[in-house]
Enquirer: 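One structure, pasted below without further comment.
Note: hydrogens, waters and symmetry copies are ignored here, and every other heavy atom, side chains too, is used.
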Amino acid sequence: AVHEAAEAGGWGMLVAVVTNGAGREWLWHAADAHEFAGEMRGALTGHPDYPIEVRAFDDPTWKAARELDPRRAMH
């Protein structure tokens, strides 16, 4: 729901989904963290109420996404 809404609204770009056991982490890039969090909550209205933690940090060079690039692991 969030992915479709973010693409349609232009308020975020999904970069990666990382799973570990029962947990799942989505890495998004967004111009405005507050806008993203509000839009995300709106997109989840009516969906199951899973616990969600939102953390934001500045990453103007997309370092976090580049670290997840599988092509980096080959070098």
Side-chain angles (χ1 to χ4, degrees):
V2 174
H3 179 68
E4 291 173 6
E7 280 195 352
W11 43 265
M13 178 180 165
L14 182 62
V15 175
V17 180
V18 179
T19 58
N20 58 358
R24 196 168 280 148
E25 183 175 337
W26 289 268
L27 176 61
W28 292 83
H29 273 267
D32 184 307
H34 294 289
E35 176 190 20
F36 179 86
E39 294 286 354
M40 180 193 70
R41 285 182 174 80
L44 292 173
T45 299
H47 290 274
D49 191 18
Y50 297 112
I52 295 175
E53 177 183 340
V54 177
R55 292 177 285 153
F57 59 93
D58 289 330
D59 189 12
T61 64
W62 290 51
K63 179 181 178 191
R66 287 186 290 113
E67 288 177 353
L68 293 171
D69 187 338
R71 294 171 292 189
R72 289 177 51 105
M74 290 189 273
H75 294 106

Enquirer: Give the C-alpha distance, both sets of side-chain angles, the deciding distance and a yes or no for side-chain contact (heavy atoms from CB on, under 4.5 Å) between Trp62 and Val15.
Expert: CA-CA 10 Å; Trp62 290 51; Val15 175; 4.0 Å; yes
Enquirer: Spell out, as yes or no, whether a donor-acceptor pair under 3.5 Å connects the side chain of Arg66 to the backbone of Thr61.
Expert: yes
Enquirer: Excluding sequence neighbours, so at least two apart, what forms salt bridge (Lys or Arg N to Asp or Glu O under 4.0 Å) with Glu4?
Expert: none
Enquirer: Please give me the minimum heavy-atom distance between Ala6 and Trp28, naming the atom from each residue.
Expert: CB-CZ3, 3.5 Å
Enquirer: Does some side-chain heavy atom of Val54 sit less than 4.5 Å from a side-chain heavy atom of Met40?
Expert: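 In contact.
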Enquirer: Name all residues meeting the side chain to side chain contact (heavy atoms under 4.5 Å, CB included) criterion together with Ala5; count only those two or more places apart in sequence or in a different chain, and write none if there are none.
Expert: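 By the side chain to side chain contact (heavy atoms under 4.5 Å, CB included) rule, Ala5 matches Trp11, Ala43.
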Enquirer: With the threshold set at 4.0 Å, does a side-chain nitrogen-carboxylate oxygen contact exist between Glu53 and Arg55?
Expert: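 Looking at Arg55 together with Glu53, the answer is yes, because their closest N to O distance falls below 4.0 Å.
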Enquirer: Nearest 0.5 Å please: distance from the NE2 atom of His3 over to the CE atom of Met13.
Expert: 9.5 Å
Enquirer: On a heavy-atom basis, which atom in Leu44 and which in Ile52 lie closest, and how many Å separate them?
Expert: CD1-CD1, 3.3 Å
Enquirer: Where do Asp59 and Ala64 come nearest, in terms of heavy atoms and distance?
Expert: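 Scanning both residues, the minimum pair turns out to be OD2-N, 3.0 Å.
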Enquirer: Take Val18 and Arg24 through the test side-chain contact (heavy atoms from CB on, under 4.5 Å) and record every step on the way to the result.
Expert: CA-CA 6 Å; Val18 179; Arg24 196 168 280 148; over 6 Å; no
Enquirer: Answer with yes or no whether the hydrophobic clustering places Val17 together with Leu27; edges join I, L, V, M, F, W, Y residues whose side-chain heavy atoms lie under 4.5 Å apart.
Expert: no
Enquirer: Kindly check if the number of other-residue, nucleotide or ligand heavy atoms within 6.0 Å of NE2 (His47) is above 12?
Expert: yes
